Chemist: 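Please read through the structure below; I'll follow up with questions.
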Amino acid sequence: IGTNVLREDSESKATLYDRPPRFRCIVDGAELGSASLLLNQLLDGAHYPTLMQDVLAQTIGLNDFCVRYRVTLRDGALVLELYPTSPARVLEAVPREDDPRQCAKVCEEWHYDGKPVERVWTDELTYLRTTDGQTIEGTETPHNQGACPWILYHVHGRPKLWLPFYRHEVVELTYRTAMAYTYLDHNLFEASWSQRYTINLAPMGADTQLSLDGTSAPVIDADPASVLQLEQVDESKPGSASQWKPGADPEVMGRAVARLHGRATLAAGGSDLAVYRKSGNAESAYAMAITREMQREAQVRMAPRMAPSDRLLAERVALACNVLVPGVFPAAADWRVRYYALPPSRDELERLQFAVDLGALSLADLRLAVDPFASPDEVSVAVDATDDEPSAAPIGVGIEGKASDVALNGAQVQSAQGIVAAVATGQLPRDSGVAMLVNFFNLPRESAERVMGTVGRDFKPTPDEVAVAAVET
């Protein structure tokens, strides 16, 4: 039994590269298609989308992460290699004067002739040196990359190479939650039953074995299903057998640890729904839909943090290619990255269409809700240029034909009842239930409060009602 809150948080938010991004080479305001195609082919050949899924998770968990690149010319063709590297392997890094978030010089752990050494990278050279700083003769060579071939990715926006104590509270919570599960594991397997003991009694048929200190003790092989016959050791003294109570109740302790795990998840940046999902209850279709929405929200949050380093990687790879094959990429190119959001679920699309039908969303808003990385040009292509509709009101704001005047279908009513039941049985906080009614069904806040009634405040379901709700959910 165990968990890792930091890893769960990092992996749940590392969705930006689930759909491979594409780079564009812009020259004088227009895309140069051949250059864009070549760079994307080089990155695909280096397994960039797959590697970056792990790089993003590591960046979120460690705050900073490194990628070393290498462009070579093999059989007349350009080949790109990417080497994700943990900051723990970087012994020294010197920031660039024009960009303190990137390196002008890097010293990393290396091995040479079976011995630990240091490998140094500058803008022009790479060489090996001993751990006391002496350059190893014959190892200095130009790397032909045009710049120090290291790209740093950051989860923060500070002008620093490293920010090791950023989000340190999540690390502490991870340790504490793991320790709690360790004690729960010990309780479940070692201390959840009565501990028996005997006085002046020993099992019959036991063999005497010597210990390292020279003492001896009777030993017999047994398991929980064994029945032992005891005999009196000293006939002149009475013998007795008894037991201690269990050290703790695994069920009570498990609930306490689960609550600690839930609080740790929330503190790490998780949502109430993420905590609800960890409770082991079956997820509804709406829970699945909002999960996909949260994944896209994570993509939107991570994109501006990763984009500067991604664009720099494209620029540096193009520079290295030009060093090896002059003129293969335009020198004054503006490299841009286009991320792609995860597609919405069917239930989410139905809710968005419902909002469009009510006039709460325009077609342009709908396109951005489905693909938040779409450019204005892409949005305008998707929307009829002659459509001169007025600006849409936000969801939940009263407009003509408001949601509260529109009858919900049977499935929506059943789903709303499920949300109310989840709040009543304590599976969801009241505020989360009200927010789900507002967002899922486009209800005004006042209407959602009326639907929820006193559930989660004064109203407490009877045991029969709880059992029925558990069966239905």
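Quick caveat: nothing in here was measured; it's all calculated off a predicted structure.
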Chemist: So does D18 get a backbone contact from the side chain of T15, meaning a donor-acceptor N/O pair under 3.5 Å?
Modeler: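 Between the backbone of D18 and the side chain of T15 there is no qualifying donor-acceptor contact (under 3.5 Å).
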Chemist: Do NZ/NE/NH1/NH2 and the carboxylate oxygens of E315 and R311 come within less than 4.0 Å?
Modeler: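 Here E315 does not pair with R311 in a salt bridge, since their nearest N and O are not under 4.0 Å apart.
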Chemist: With a distance cut-off below 6.0 Å to the six-membered ring centre and an angular limit of 45° from the axis, does R338 pair with Y340 as a cation-pi contact?
Modeler: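 Because its charged atom sits under 6.0 Å from the ring centre and within 45° of the axis, R338 does stack over Y340.
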Chemist: Check whether any side-chain heavy atom of L37 lies under 4.5 Å from a side-chain heavy atom of Q41, and answer yes or no.
Modeler: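 Touching, per the 4.5 Å side-chain cut-off.
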Chemist: Using only atom types and a distance under 3.5 Å, with no angle test, would you say the side chain of N63 pairs donor to acceptor with the backbone of Y166?
Modeler: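 Here the side-chain-to-backbone pair exists.
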Chemist: Would a 4.5 Å heavy-atom cut-off, applied to side chains only, mark H154 and P308 as touching?
Modeler: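 No. Closest side-chain heavy atoms not under 4.5 Å.
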Chemist: Please report the interatomic distance CG(L32) to CG(L39), rounded to the nearest 0.5 Å.
Modeler: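 Answer rounded to 0.5 Å: 11.5 Å.
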Chemist: List the steps and the verdict of side chain to side chain contact (heavy atoms under 4.5 Å, CB included) for C321 and L42.
Modeler: CA-CA 10 Å; C321 291; L42 288 172; 3.7 Å; yes
Chemist: Minimum heavy-atom separation for P116 and T131, please, with both atom names.
Modeler: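 Shortest heavy-atom contact: O-CG2, 3.6 Å.
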Chemist: Below 4.5 Å, heavy atoms only, C-beta onward: do Q102 and I151 meet side chain to side chain?
Modeler: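 Side chain of Q102 against side chain of I151, heavy atoms only: contact under 4.5 Å found.
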Chemist: Write down the atom of P372, the atom of A341, and the distance for their closest heavy-atom approach.
Modeler: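 P372 and A341 have their closest heavy atoms at CD-CB, 3.5 Å.
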Chemist: Can you measure from OG1 (T59) to OH (Y153) and round to the nearest 0.5 angstrom?
Modeler: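 It comes to 8.5 Å.
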Chemist: Begin with the C-alpha distance, continue with both residues' side-chain angles, and end with the deciding distance and a verdict on side chain to side chain contact (heavy atoms under 4.5 Å, CB included) for V117 and H111.
Modeler: CA-CA 5 Å; V117 296; H111 283 82; 5.6 Å; no
Chemist: So how far is it from R74 CZ to L324 CG, rounded to the nearest 0.5 Å?
Modeler: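 Result: 11.5 Å between the selected atoms.
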Chemist: If we ignore hydrogens and angles and just use 3.5 Å, is the side chain of Q299 paired with the main-chain N or O of L342 as donor and acceptor?
Modeler: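 Yes; judged by distance alone, with no hydrogens or angles, the pair exists.
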Chemist: Charged N to carboxylate O below 4.0 Å: is that the case for D9 and R167?
Modeler: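 Here D9 pairs with R167 in a salt bridge, since their nearest N and O are under 4.0 Å apart.
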Chemist: Can you tell me how far the CE atom of M52 sits from the NE2 atom of H47, to the nearest 0.5 Å?
Modeler: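 Answer for the CE-NE2 pair, M52 versus H47, is 15.0 Å.
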Chemist: Under 4.0 Å between a Lys/Arg side-chain N and an Asp/Glu carboxylate O for E172 and R176?
Modeler: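 Between R176 and E172 there is no salt bridge, as every charged N stays at least 4.0 Å from the carboxylate O atoms.
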Chemist: Roughly how far, to the nearest 0.5 Å, is the CG atom of D310 from the CZ atom of R305?
Modeler: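 Interatomic distance, R305 CZ to D310 CG, rounded to 0.5 Å: 14.5 Å.
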Chemist: Could you tell me whether R70 atom CZ has more than 12 heavy atoms of other residues or ligands within 6.0 Å of it?
Modeler: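 Open: at most 12 neighbouring heavy atoms sit under 6.0 Å from CZ of R70.
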Chemist: With a cut-off of 6.0 Å (strictly less than), are more than 12 heavy atoms of other residues, nucleotides or ligands near OH of Y183?
Modeler: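 No - once you tally the heavy atoms of other residues, nucleotides and ligands closer than 6.0 Å, there are 12 at most.
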Chemist: Do the side chain of R89 and the main chain of E109 share a donor and acceptor less than 3.5 angstrom apart?
Modeler: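 It does hold such a pair.
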Chemist: Taking the side chain as everything from C-beta on, heavy atoms only, tell me whether C103 gets closer than 4.5 Å to L161.
Modeler: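 In short, these two side chains touch, coming nearer than 4.5 Å.
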Chemist: Are Y48 and F23 an aromatic pair, judged by ring center distance below 6.0 Å?
Modeler: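 Yes.
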Chemist: Flag yes if more than 12 heavy atoms outside D28 fall under 6.0 Å of its CG atom; otherwise flag no.
Modeler: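 No, the 6.0 Å shell around CG holds no more than 12 heavy atoms from other groups.
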Chemist: Considering non-hydrogen atoms only, spot the tightest contact between S10 and A57 and give its length.
Modeler: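 It is CB-O, 3.4 Å.
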Chemist: So do L313 and Y69 actually touch side chain to side chain, heavy atoms under 4.5 Å?
Modeler: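 A side-chain contact exists here, since the closest heavy-atom pair is under 4.5 Å.
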Chemist: Got M302 and I60 here, is their nearest side-chain heavy-atom distance under 4.5 Å?
Modeler: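 Yes, at least one pair of side-chain atoms sits under 4.5 Å.
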Chemist: Treating D64 as the side-chain partner and L163 as the backbone partner, does any N or O pair qualify as donor plus acceptor under 3.5 Å?
Modeler: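 A pair under 3.5 Å: yes.
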Chemist: Between V67 and T85, is any pair of side-chain heavy atoms under 4.5 Å apart?
Modeler: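 Not in contact.
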Chemist: Are the charged groups of D44 and R22 less than 4.0 angstrom apart, N to O?
Modeler: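 Counted as a salt bridge, because a side-chain N and a carboxylate O are separated by less than 4.0 Å.
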Chemist: For the pair M306 and Y339, evaluate side chain to side chain contact (heavy atoms under 4.5 Å, CB included) and give the outcome as yes or no after the intermediate values.
Modeler: CA-CA 10 Å; M306 304 297 282; Y339 300 109; 4.1 Å; yes
Chemist: May I have the step-by-step check of side chain to side chain contact (heavy atoms under 4.5 Å, CB included) for S34 and L38, ending in yes or no?
Modeler: CA-CA 6 Å; S34 59; L38 177 57; over 6 Å; no
Chemist: Would you call E297 and V300 a side-chain contact if the rule is heavy atoms closer than 4.5 Å?
Modeler: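 A side-chain contact under 4.5 Å is absent here.
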Chemist: Within this structure, what is the OG-CG distance for the pair S309 and D99, rounded to the nearest 0.5 Å?
Modeler: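 S309 atom OG to D99 atom CG measures 8.5 Å (nearest 0.5 Å).
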Chemist: Counting only N and O atoms by type, is there a donor-acceptor contact under 3.5 Å from the side chain of Q53 to the main-chain atoms of L51?
Modeler: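 No; judged by distance alone, with no hydrogens or angles, the pair does not exist.
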Chemist: Is R129 salt-bridged to E92, going by a charged N under 4.0 Å from an acidic O?
Modeler: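 Looking at E92 together with R129, the answer is yes, because their closest N to O distance falls below 4.0 Å.
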Chemist: Just checking F329 against W335, ring centres under 6.0 Å apart?
Modeler: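 F329 vs W335: aromatic centres under 6.0 Å.
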Chemist: For the residue pair P49 and Y17, what are the closest heavy atoms and their distance?
Modeler: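 Distance-wise, the nearest heavy atoms are O-CB, 3.9 Å.
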Chemist: Taking all heavy atoms of V120 and all of K105, pick out the closest pair and write down the distance.
Modeler: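 For V120 versus K105, the nearest heavy atoms are CG1-CE, 3.6 Å.
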Chemist: So does R24 pair up with E31, basic N to acidic O under 4.0 Å?
Modeler: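 Yes.
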Chemist: Which pair of non-hydrogen atoms, one from A303 and one from L16, has the smallest distance, and what is that distance?
Modeler: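 Answer, listing the atom of A303 first, then L16: CA-CD2, 3.8 Å.
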Chemist: Taking the six-membered ring for Trp, is the centroid-to-centroid distance between Y181 and H261 below 6.0 Å?
Modeler: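 Yes - the distance between ring centres of Y181 and H261 falls below the 6.0 Å cut-off.
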Chemist: For W121 and E108, which I'm curious about, is there any donor-acceptor pair between the side chains at under 3.5 Å?
Modeler: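 Judged by distance alone, the side chains do pair up.
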Chemist: Under the rule for salt bridge (charged side-chain N to carboxylate O under 4.0 Å, His left out), what residues qualify as partners of D123, not counting sequence neighbours?
Modeler: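 Residues passing salt bridge (charged side-chain N to carboxylate O under 4.0 Å, His left out) with D123: R96.
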